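Given the structure is predicted, the values throughout are model-derived calculations rather than measurements. These numbers come from the heavy atoms of this one structure, side chains and all, not from hydrogens, waters or symmetry mates.
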Amino acid sequence: MFPRRAFQQALRITRRSNNNVLSRCRSTQTVAERVTDGFVEDLRIMVGKSNVTTAEAVRDQHGHDESYHRSCLPDVVVFAQSVDHVSEVARFCNTHKVPLIPFGSGTGLEGGVNAIKGGVSLDVSQMKKIIAVNAEDFDCTVESGVTRGELNSFIRDTGLQFPIDPGADASLCGMCSTSASGTNAVRYGTMRENTLNLEVVLPDGSVFWTSGKGKRCKKTSAGYNLTNLFVGSEGTLGIITKATIRLFGIPEATLSAVVHFPSVQEAVDTTVQVLQCGVPMARIEFLDEVAIDAFNKFSKYDMKVAPSLFLEFHGSPSAVEEQVAVVEEIASSNNGANFQWATDPDERSRLWKARHEIVYACTALVPGAKPYSTDVCVPISNLPEVIIKSKEMIQNANLIGPMVGHVGDGNFHVFYPVDPKDPDQLKRIEKVTHDMCLLAMDLNGTCTGEHGIGLGKISLLEKEIGPEGMVAMQTIKQAFDPNNIMNPGKVFM
């Protein structure tokens with residue numbers, strides 16, 4: 001049993017509201033006092049003058065991600081060039097009890113990089129080495145600044161690919177930090193299943209490999225699973241500086257398609273039936289009629305405005321043909337029609353590029369809007385219920401809420417365009433989002449399938465894992481980061 005004192009402390013921490021966290025943004029005077037001119041000068045001596053800046057424009061760039069959360073500027077930005085830089089900066093911040101926020105590509109959606117308590121934003125995006133590609137073993141090791149697009153470009157001649165695709169060209173170590181997934185997760189899994197080993201810098205500056213230095217075997221039973229402890233930790237336990245990840249063969253044949261349905265129910269029923277039949281879909285994405293309208297306007301398509309599935313099939317030509325036949329039959333039985341096929345690589349790329357830009361398309365529905373994105377995930381058998389009820393909530397609240405989903409793994413998003421000048425609208429969005437998350441959890445799901453907790457879902461975490469689970473997480477946090485310098489105010493308050 002956990003100590004009663006620790007249990008009560010965890011409850012107090014988790015019951016504070018997200019608004020209280022945001023109200024403290026850039027107001028921690030004690031931190032500002034510690035980040036003196038002398039502190040900044042010591043950082044410059046450590047990592048080089050050109051790698052440290054207090055310029056407001058750079059600090060603002062590092063004070064927010066792609067989410068709706070208000071920008072919270074760090075006091076100083078440090079650009080690390082090596083793991084030694086990361087280690088020295090971490091040790092220095094820990095000694096002075098100054099917050100340290102890891103920053104990769106800034107493409108997150110839950111305010112994970114916002115410096116709500118000021119401190120140091122440690123930008124690792126310039127650490128770009130691809131350490132090794134082991135084509136025979138289907139794995140590679142990369143530094144923290146390498147993005148998935150850069151890796152796939154580098155390995156394009158090997159016949160291999162890294163298929164985890166969250167949409168943005170995110171850094172691979174950042175994807176580990178948030179346990180990202182995306183459109184291909186139904187076939188290839190998430191970062192949690194595809195990460196073999198991590199090099200991590202702890203707050204005290206010590207460096208270690210979660211599975212042992214150089215280890216890259218497909219499975220191990222040696223001790224605690226430290227790798228998956230850091231996958232999804234959102235920079236609250238340490239800084240991921242290298243990752244060893246799985247690679248996959250490029251399929252012999254690839255075919256994409258779009259099919260439209262009279263109703264959301266029929267589209268989602270088709271998804272569930274396809275998966276229950278064991279069809280090895282590479283991608284199966286749902287867009288409701290509001291999302292299709294935004295898709296058409298933003299990406300210059302002329303698709304029927306109706307609930308739709310975007311499909312992709314991988315395999316040998318004969319295997320793809322068999323998969324297509326099964327899916328066509330299931331879709332037709334649910335009144336799916338107007339199949340549009342994309343076999344040409346350029347057309348496939350254009351189609352999926354447009355799908356990945358859907359958040360911007362949805363935002364463009366309202367001039368001057370900011371994106372508010374959320375995601376929930378449930379077992380696929382509960383997917384029809386959660387989507388239908390969520391859509392009813394959005395309509396009853398009189399909101400524009402385009403719905404997009406990686407429905408093949410039970411995960412879907414709503415991309416609300418938010419008018420910054422309309423606080424009532426934001427309150428309604430927050431209420432619907434909260435209720436959607438509660439519904440998902442009641443249906444044996446989670447309040448976040450891939451975006452993480454960050455700032456936006458702290459209040460939901462205790463309900464999801466329970467108070468004892470919160471105490472366990474707090475105990476781990478305290479063990480790794482006793483001074484609470486690592487990305488404070490995220491996951492926990």
With salt bridge (charged side-chain N to carboxylate O under 4.0 Å, His left out) as the test, would you mind laying out the steps for Lys128 and Glu150 before giving the verdict? CA-CA 9 Å; Lys128 291 284 192 183; Glu150 290 167 342; 3.0 Å; yes
Kindly indicate, with the supporting measurements, whether the criterion salt bridge (charged side-chain N to carboxylate O under 4.0 Å, His left out) is fulfilled by Asp293 and Lys297. CA-CA 6 Å; Asp293 182 49; Lys297 291 174 179 176; 3.1 Å; yes
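- Side-chain polar atoms of Asp165 and Asn184 form no donor-acceptor pair below 3.5 angstrom.
- Asn51 and Gln81 share a donor-acceptor pair across their side chains, judged by distance under 3.5 Å alone.
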Worked verdict on Lys431 versus Asp435 for salt bridge (charged side-chain N to carboxylate O under 4.0 Å, His left out): CA-CA 6 Å; Lys431 174 68 165 59; Asp435 290 346; 2.5 Å; yes
Can you check side chain to side chain donor-acceptor pair (under 3.5 Å) on Asn334 and Gln265, steps first, answer last? CA-CA 9 Å; Asn334 287 299; Gln265 181 78 53; over 6 Å; no
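- No side-chain donor-acceptor contact under 3.5 Å links Thr190 and Ser181.
- Among His413, His356, His451, the single residue meeting the ring pair (Phe, Tyr, Trp, His ring centres under 6.0 Å) criterion with His406 is His413.
- For the residue pair Glu266/Asn335, the side-chain donor-acceptor check at 3.5 Å is satisfied.
- Side chains of Arg216 and Thr244: no donor on one and acceptor on the other come within 3.5 Å.
- Summarising the geometry of Asn114 relative to Ser71, their closest heavy-atom pair is ND2-CA, 4.2 Å, with the distance given to 0.1 Å.
- Using a 30° and 60° split on the angle between ring planes, Phe248 and Tyr188 fall in the perpendicular class, above 60°.
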Quick one, Arg355 with Glu312, criterion salt bridge (charged side-chain N to carboxylate O under 4.0 Å, His left out). Give me CA distance, side-chain angles, the key distance, then yes/no. CA-CA 13 Å; Arg355 161 60 186 89; Glu312 188 162 284; over 6 Å; no
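- The shortest non-hydrogen separation linking Ser171 to Ser144 is CB-O, 3.5 Å.
- Taking every heavy atom of both residues into account, Phe261 and Ala306 meet most closely at O-CB, 3.6 Å.
- A perpendicular orientation is assigned to the rings of Tyr372 and Tyr416, their planes being inclined by more than 60° (bins at 30° and 60°).
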